[in-house]
Protein chains: 2
Amino acid sequence: MSGPEPTDPLGAPALSSSEVKRPVGINDVAARAGVSPGTVSNVLNRPERVAEATRRRVERAVEELDYVRNSSGRSLRAGRSDSVGLLVLDVTNPFFAEVARGVEDTAGEAGLAVVLLNSAEQAGRQRRAIRLLAEQRAAGAVVMPVDGDTADLLWLRKQGVPGVLLDRGDVSADIACSVAVDNHAGGLAAGRHLVNLGHERVTYLSGPADLEQCRTRLAGLRAALAESGLDPDAAVRVVEAEQLNAECGEKAVEEVLAGGPRKRPQAVFCSNDQLALGVLKGLGERGLSAPGDLSVVGYDDVATAGLVHPGLTTVAQPKYDLGAAAMRLLLSELNDADHRHERLRFAPELVVRGSTAAVRD
Amino acid sequence: MSGPEPTDPLGAPALSSSEVKRPVGINDVAARAGVSPGTVSNVLNRPERVAEATRRRVERAVEELDYVRNSSGRSLRAGRSDSVGLLVLDVTNPFFAEVARGVEDTAGEAGLAVVLLNSAEQAGRQRRAIRLLAEQRAAGAVVMPVDGDTADLLWLRKQGVPGVLLDRGDVSADIACSVAVDNHAGGLAAGRHLVNLGHERVTYLSGPADLEQCRTRLAGLRAALAESGLDPDAAVRVVEAEQLNAECGEKAVEEVLAGGPRKRPQAVFCSNDQLALGVLKGLGERGLSAPGDLSVVGYDDVATAGLVHPGLTTVAQPKYDLGAAAMRLLLSELNDADHRHERLRFAPELVVRGSTAAVRD
DNA sequence: CAGGTCGATTAAAACGTGTCAATGCCTTGC
DNA sequence: GCAAGGCATTGACACGTTTTAATCGACCTG
């Protein structure tokens, strides 16, 4: 068998060294070890039930054959898969990335894989994603829903896939678990900060008004102004951006500044750090800057907020913990027989940096 | 049956309205429509093979029973699942997020779900993730490997899961498809820019040296200096950061500036925008700034790069297209019988902003 | 030594789907 | 009127795993 290999004219494309081997199943392992498939399964899942000697024999066979178990068969039998879904509004937003890290880490500890779905704030994509999770018979889901109603989530639960709501505080606890940061408190903290600095005309740059977070943070802001004797209706103007990203923030500056220097707001509070960063940039392009011409406050405390000049004053959310906690609630629902839906609230924290300052006159 | 429901002391936790229904399978649909399961399967997968009338009957049954197909059974039968893995080095890095969006969008068009795995630049986590994909019998994988060798990827392929390498230019095309941006050209462009501005002492702030990208970009930089008659060994100093994030960049400033104003570099070229942003911050904390005291160049053109002040000069990569192209190559490998491994190279593009300026004397 | 108990192992049945060969029916051509 | 052919549908099996009830053997006890 020496000399050059004969070229075979037809047949599968040459795979040379990286030959694809025929898949080896639990039966092959059983045959090799001289036991029944059931015993192999036991070795894999409840090693304590099988005698030391046979267990070692099986383990050796597993190793020799390089067996890797097939989770399709596993899930089919179990009626559910061992992965959970994570549905976010925007993969690109670092806030969600951080949340995802929290979810993934705790899921990983429990041996669950995470399927990341991206709704891009579109109801249609969300629906498709939810359906996909149902088809996969996902063990569970962590969901940040796009629109107000939670119909999709309920449907998913009816299909046998429990879900945890993330970043939505307004849902009653008997529907599902939920984890959120107190958005009202966040808006309140930002508002009080501005009031203390003497601001009396503030513009709220909101994301899409369908998002509960945006509405509630506004409510907090208004409460803070009312608290100090101002009329919220007169003191705060609302500008709505189409999406929660920097580009939209930059574009919105035009409208924020409308009315000329006389009626121009003294401060802008944004639903989001991305928006706020866009605003900072837009101001710069117009020869203005924070906090000299205008104070700017963001929300989330994304990593970037601390990197820009001036640093962005913002309301920090425990992003990683948010994701980790959501996943932990989900695990509780999956494992604890006596699970009760829970409603977890985190407290936001104001981080003061350079983008806000006292009104000077 | 009027009056309050009797409380049953034991049993499953009360599910009230959101009753979990018994799962409905293809057989239930078949029974309801008065056909065989096989026919239902055909309606779902090859509708053209079934007569108009029966097809409608089946479709109605599907609707009435709210049937959703079980992809575990499906994958078991098919021998492979309908999801692909995406293994990234760091979910938190916006560069990867953008790549992920590209992968996800094109995968979605092809009806594939994406499982996002995060190796966090740790070989152990990468190995676990690869194993998971094998267990899932993933249809394929897009992988950005941590360490130099591609053993994991080869093993995965031997298990029947084809993989596409992302952002690794140094792999020979007969192993697997690969998509990358020409890192040498990127480093070269950055280097030439600095040379043109008169810089003769530049520090390269590198990420972990295991990463091929970091090494090749350095090579490009050195080539640019050599090109103009400078001795690379004398002109460029290398500082290695532990991770590719802003925090490490900030910490590295200390070492970058070591030697005092006399021997201080005139420019810093970073493996990464995150590092560069960290450097900008670190400079600010020491009362220094770019480009006055030091020019700074990044890599990736992350969204933030355009938002900071001064804007970060950087080497832009087509992030979204990178992900989309990788996924498209994978799809080709999955569907085209006569697939040949391909090696796709994108060209980087220098984006000049405010963080670089001519050396003044 | 018979009866009983316990631990380890096995055989067989399910999970839900896709496929393939076989069946039945209707049309067409002679 | 009958054979041939085409189309729609069916029945049965296979995919890989887990689980339950049953079996087997060994050891202990009265």
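Side chains included, hydrogens not; waters and symmetry mates left out as well; all remaining heavy atoms used. Letters go in sequence order (proteins before strands), and every chain restarts at 1.
Distances shorter than 4.0 Å separate some side-chain N or O of Thr39(A) from OP1 or OP2 on dT10(C). Applying the 4.0 Å criterion to OP1 and OP2 of dT19(D), one finds that Arg46(A) has a side-chain N or O inside that range. Distances shorter than 4.0 Å separate none of the side-chain N or O atoms of Arg55(A) from OP1 or OP2 on dA8(C). Between Thr54(A) and dT9(C) there is a side-chain N or O to OP1 or OP2 distance below 4.0 Å. Residue Ser41(B) places none of its side-chain N or O atoms closer than 4.0 Å to OP1 or OP2 of dT17(C). Considering only side-chain N and O atoms, Asn70(B) lies nowhere under 4.0 angstrom from the phosphate OP1 or OP2 of dT17(C).
Note: CD1 (Ile26(A)) to C1' (dA14(D)) measures 17 Å, nearest angstrom. Straight-line distance from the CG atom of Asn42(B) to the P atom of dG16(C): 20 Å, rounded to whole Å. Rounded to whole Å, the distance from CZ on Arg74(A) to C1' on dC15(D) is 17 Å. We find that CZ of Arg80(A) is positioned 17 Å from C1' of dG16(C), with the value rounded to whole Å. In this structure, CG of Leu44(B) is placed 11 Å from C1' of dG18(C), rounded to the nearest angstrom. The nearest whole Å value for the distance from the CZ atom in Arg77(A) to the P atom in dA13(C) is 13 Å. Taking atom CG of Asn27(A) as the reference point, atom P of dA13(C) lies 16 Å away to the nearest angstrom. Taking atom CZ of residue Arg69(A) and atom P of nucleotide dT18(D), one finds them 7 Å apart after rounding to whole Å.
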(request) Would you please test Val179(B) and Met327(B) for side chain to side chain contact (heavy atoms under 4.5 Å, CB included) and show each step? (result) CA-CA 10 Å; Val179(B) 180; Met327(B) 193 59 219; over 6 Å; no

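Comparing Ala51(A) and Arg137(A) against DNA chain C, the residue whose closest nucleotide sits nearer the 5' end is Ala51(A). Each of Ala78(B) and Ala53(B) was assigned the nucleotide of DNA chain D with the nearest heavy atom; the assignment lying further toward the 5' end belongs to Ala53(B). Both Leu76(B) and Arg49(B) sit near DNA chain D, but only Arg49(B) has its closest nucleotide nearer the 5' end.
A pairwise comparison of heavy atoms in Val142(B) and Ala326(B) identifies CG1-CB, 4.0 Å as the closest pair.
For the pair Val24(B) and Asp66(B), the minimum side-chain heavy-atom distance is 4.5 Å or more. Between His341(A) and Ile175(A) the shortest side-chain heavy-atom distance does not fall below 4.5 Å.
Across Thr39(B), Val43(B), Val40(B), a single residue satisfies side-chain contact (heavy atoms from CB on, under 4.5 Å) together with Ile26(B), and that is Val40(B).
In this structure, Asn45(B) reaches the sugar-phosphate backbone alone: every heavy-atom distance under 4.0 Å involves primed, P, OP1 or OP2 atoms, never a base. Residue contacts shown for Gly38(A) include a base, since a base heavy atom lies under 4.0 Å away.
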